[in-house]
Amino acid sequence: MTKYLVQNSGPLHGIVEISGSKNSVLPILAASILSSEECQLEDVPGLKDVDIMCELIESLGVKVQRNIEENTATINAGIIESSVAPDDLVMKMRASMVVMGPLLARTGKAQIHLPGGCAIGDRPVELHFKGLKALGAEIDVSDEGLVTSKTDGLYGADIYLDFPSVGATENIIMAASLATGTTLLENAAQEPEIVDLCNFLNKMGARIKGAGTDTIKIEGVKELKGANHVVIPDRIEAGTFMVAAAITRGTILIKNMLPDHVKPIIAKLRECGCEIYATDEGVIVDAEGKDLKSTDIKTLPYPGFPTDIQSPFMALLTTVEGRSAVIETVFENRYMHVKELKRMGADITVKDRCAIINGKAELKGAKVDATDLRAGAAVVLAGLVAKGVTEVDQIYHIERGYENFVEKITALGGIIKKVENA
Ligand code: EPZ
């Protein structure tokens, strides 16, 4: 197994360029199968999850040409030969679920295995099914978790989401785009990735209004054209590098990021004492020589504090003066990184959904696991300030969601290298 060896690196300095958004490009790749014409995407990040999504839509008969160096992808779904998502790919990546809506809309059927839970929670998908059934899909789930669905034609409906699920919102919007009639989706997810998906769909000829609010109206159309699109920057990667500047008390210029997408992260880092300002070249996070203070965070659906930055931010809170509280409200089990940070000397206690961090711990290098994508980033950031060497195992999680992670951190002065089983 490959690992990362991370060393105490002192303050990070320099420039990092943010890649295209993983959580935007995945549904957009799925959406491209809604059209029989060619779609061209730019700023497609070179990530394992993107590889899996491309492999998945290729298995349906869709033609995909990717240029990893140029971060582009061309998709041609002129002919869809299969509506069966291969189990092995679905099991590798839960986001595969978002091919269900497009397959139903384009072919009238879809077969996919329930993706199952993961480290951060059970991850049920009943809201996806509630919405697709309202649009006219028949859905059957076998005892083994095989989902088969079909429709004689989707029609518009009024749908209320019990929770603003990102994936359910995406599946429903994509299915409703080709339904007969109008769909009103209420309590929809408002993430920037939903807006990016809807901008792409509207370029294809969809008629979607309200993306980015909790109420989205989709007027179904007969067919969708091909379209070209530049994927938005990854706000979670941007947030991760903002926290990297703070935890190392360095100064980083972050290029190709949208400050509007990370307002809660900017607010909380400022509360800790960081200086953050936008320039023509990008956003500067300056924690140089600052005596950062504790703060409290509570994760919420967008526009609240993003759950995906909870673990990297907790790593920061272990190093600042004072007591902080972290409340995770989006996932029921997203504290797997606490055990790993405590192995490094952090003082954290968890009760129910609340973690209390007594800051200013002297972190020390240890053997730790990347228990999920963002927890992996958290222990790497902690390793940059811990005394000694931190060995991070299960780094495949990290490489699913951070393009050129080692190279970007190294370019900022971080001491990190990828080794075969050390
Ligand atoms: C997306 O996952 C992201 N993944 C996640 O990022 C992110 O953490 C999450 O949204 C929340 O922002 C992608 O976009 C590929 P949800 P998704 O449906 O769509 C519950 C990362 O690190 N729920 O909004 O799966 C669910 O159990 C990943 O990049 C139901 O109960 O998230 C969870 O507790 C991790 N029933 C909460 O809602 C449902 O039918 C949020 O899930 C669906 C979801």
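Residue numbers start at 1 and run along the sequence shown.
The neighbour count for R270 CZ, taken as heavy atoms of other residues, nucleotides or ligands under 6.0 Å away, is above 12. Within 6.0 Å of NZ on K293 lie more than 12 heavy atoms contributed by other residues, nucleotides or ligands. Counting non-hydrogen atoms of other residues, nucleotides and ligands closer than 6.0 Å to NZ of K130 gives a total above 12. Within a 6.0 Å sphere centred on NZ of K217, heavy atoms belonging to other residues, nucleotides or ligands number 12 at most. The local environment of NZ in K290 is crowded, with over 12 non-hydrogen atoms from other residues, nucleotides or ligands closer than 6.0 Å. The local environment of CD in E58 is crowded, with over 12 non-hydrogen atoms from other residues, nucleotides or ligands closer than 6.0 Å.
D286 and T251 share a side-chain donor-acceptor pair at under 3.5 Å. Of the N and O atoms on the side chains of D372 and H397, not one donor lies less than 3.5 Å from an acceptor on the other residue. Judged purely by distance below 3.5 Å, without hydrogens or angles, the side chains of T299 and E328 pair a donor atom with an acceptor atom. Side-chain contact, Q65 with T74: no donor N or O sits under 3.5 Å from an acceptor N or O. Of the N and O atoms on the side chains of E271 and T295, at least one donor lies less than 3.5 Å from an acceptor on the other residue. With no hydrogens or angles considered, a side-chain donor-acceptor pair links S19 and K408 at under 3.5 Å. There is a side-chain donor-acceptor pair under 3.5 Å between H337 and Q310. Checking E37 against N76 by side-chain atom types alone, no donor-acceptor pair falls below 3.5 Å. In this model, no donor atom of one side chain and acceptor atom of the other lie less than 3.5 Å apart for Q40 and H229.
Each of D49, V231, I236 was checked for a side chain to side chain contact (heavy atoms under 4.5 Å, CB included) with K22, and the lone residue meeting it is D49. When each of M314, R353, R334 is checked for a side chain to side chain contact (heavy atoms under 4.5 Å, CB included) with V326, only M314 meets the rule.
To the nearest 0.5 angstrom, T213 atom OG1 is 12.5 Å from K209 atom NZ. Distance check: I357 CD1 to D347 CG gives 9.5 Å after rounding to the nearest 0.5 Å. Considering CD1 of I356 and OG of S294, their distance stands at 10.5 Å, rounded to 0.5 Å. The distance from the CG atom of L184 to the CD atom of E219 is 11.0 Å, given to the nearest 0.5 Å. Of the inter-residue distances, the one linking I409 atom CD1 with L12 atom CG reads 7.5 Å to the nearest 0.5 angstrom. Taking CG from L34 and CD1 from I80, the interatomic distance works out to 8.0 Å, rounded to the nearest 0.5 Å.
Here the shortest heavy-atom pairing between I75 and S32 reads CG2-OG, 3.3 Å. The two residues P192 and I232 make their nearest non-hydrogen contact at O-CD1, 3.7 Å. The two residues V285 and A245 make their nearest non-hydrogen contact at CG1-CB, 3.7 Å. Of all heavy-atom pairs between V44 and V50, the closest is CG1-CG1, 3.8 Å. When every heavy atom of L269 is checked against every heavy atom of A246, the shortest pair comes out as CD2-CB, 3.8 Å. Heavy-atom minimum distance, A382 versus L341: CB-CD2, 3.8 Å.
Side-chain atoms of C54 and R66, non-hydrogen and from C-beta on, do get closer than 4.5 Å to each other. Under the 4.5 Å side-chain criterion, counting only non-hydrogen atoms from C-beta, I173 is in contact with L185. Using a 4.5 Å heavy-atom threshold, the side chains of L89 and M53 count as separate. The shortest distance between side-chain heavy atoms of M100 and S149 falls below 4.5 Å. Counting only heavy atoms from C-beta outward, the side chains of S24 and L197 never approach each other to under 4.5 Å. Annotation: side chain of N333 is not in contact with side chain of I120 (no heavy-atom distance under 4.5 Å). Residues R400 and L47 have side chains not in contact (no heavy-atom distance under 4.5 Å, counting atoms from C-beta outward). Between C39 and M204, some side-chain heavy-atom pair lies under the 4.5 Å cut-off.
In this structure, the side chain of S9 engages the main chain of Q7 through a donor-acceptor pair within 3.5 Å. With T169 contributing its side chain and A188 its backbone, the two residues share no donor-acceptor pair below 3.5 Å. A donor-acceptor pair is defined here as one N or O able to donate and one able to accept, closer than 3.5 Å; such a pair exists between the side chain of D234 and the backbone of E237. Within the 3.5 Å criterion, the main-chain N or O of D369 finds a donor-acceptor partner in the side chain of E340. Distance alone, capped at 3.5 Å, is enough to place a donor-acceptor pair between the N171 side chain and the M97 backbone. Without hydrogens or angle criteria, S21 side chain to P233 main chain gives no donor-acceptor distance under 3.5 Å. Of the possible donor and acceptor atoms, one in the side chain of K342 sits under 3.5 Å from a partner among the backbone N and O of I348. No donor-acceptor distance shorter than 3.5 angstrom exists from the side chain of K417 to the backbone of V6, with no hydrogens or angles considered. Panel note: side chain N8, backbone A386; a donor-acceptor pair is recorded below 3.5 Å. Of the possible donor and acceptor atoms, one in the side chain of R249 sits under 3.5 Å from a partner among the backbone N and O of I247.
Using a cutoff of 4.0 Å between basic side-chain nitrogens and carboxylate oxygens, K418 and E399 are scored as salt-bridged. Note on E193 versus R235: salt bridge recorded, some NZ/NE/NH1/NH2 to OD/OE distance being below 4.0 Å.
Taking the six-membered ring where the residue is Trp, F405 and F241 present perpendicular rings, their angle passing 60° and hence far from 30°.
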Given side chain to side chain donor-acceptor pair (under 3.5 Å), test E288 with H13 step by step and report yes or no. CA-CA 9 Å; E288 200 80 38; H13 292 109; 2.7 Å; yes
Apply the test side-chain contact (heavy atoms from CB on, under 4.5 Å) to residues L253 and T279: give CA-CA distance (whole Å), side-chain angles for both, the deciding distance (0.1 Å), then the verdict. CA-CA 9 Å; L253 167 63; T279 70; 4.1 Å; yes
Intermediate values then yes/no, side-chain contact (heavy atoms from CB on, under 4.5 Å), L29 and L41: CA-CA 9 Å; L29 284 165; L41 305 178; 3.8 Å; yes
Stepwise side-chain contact (heavy atoms from CB on, under 4.5 Å) test for K367 and R343: CA-CA 8 Å; K367 288 183 185 234; R343 236 193 275 272; 5.6 Å; no
For I252 and I15, what are the C-alpha separation, side-chain angles and deciding distance, and is it a side-chain contact (heavy atoms from CB on, under 4.5 Å)? CA-CA 6 Å; I252 297 179; I15 299 171; over 6 Å; no
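Cation-pi geometry between R374 and F313 is not satisfied (NZ or CZ under 6.0 Å from the ring centre, within 45° of the ring normal).
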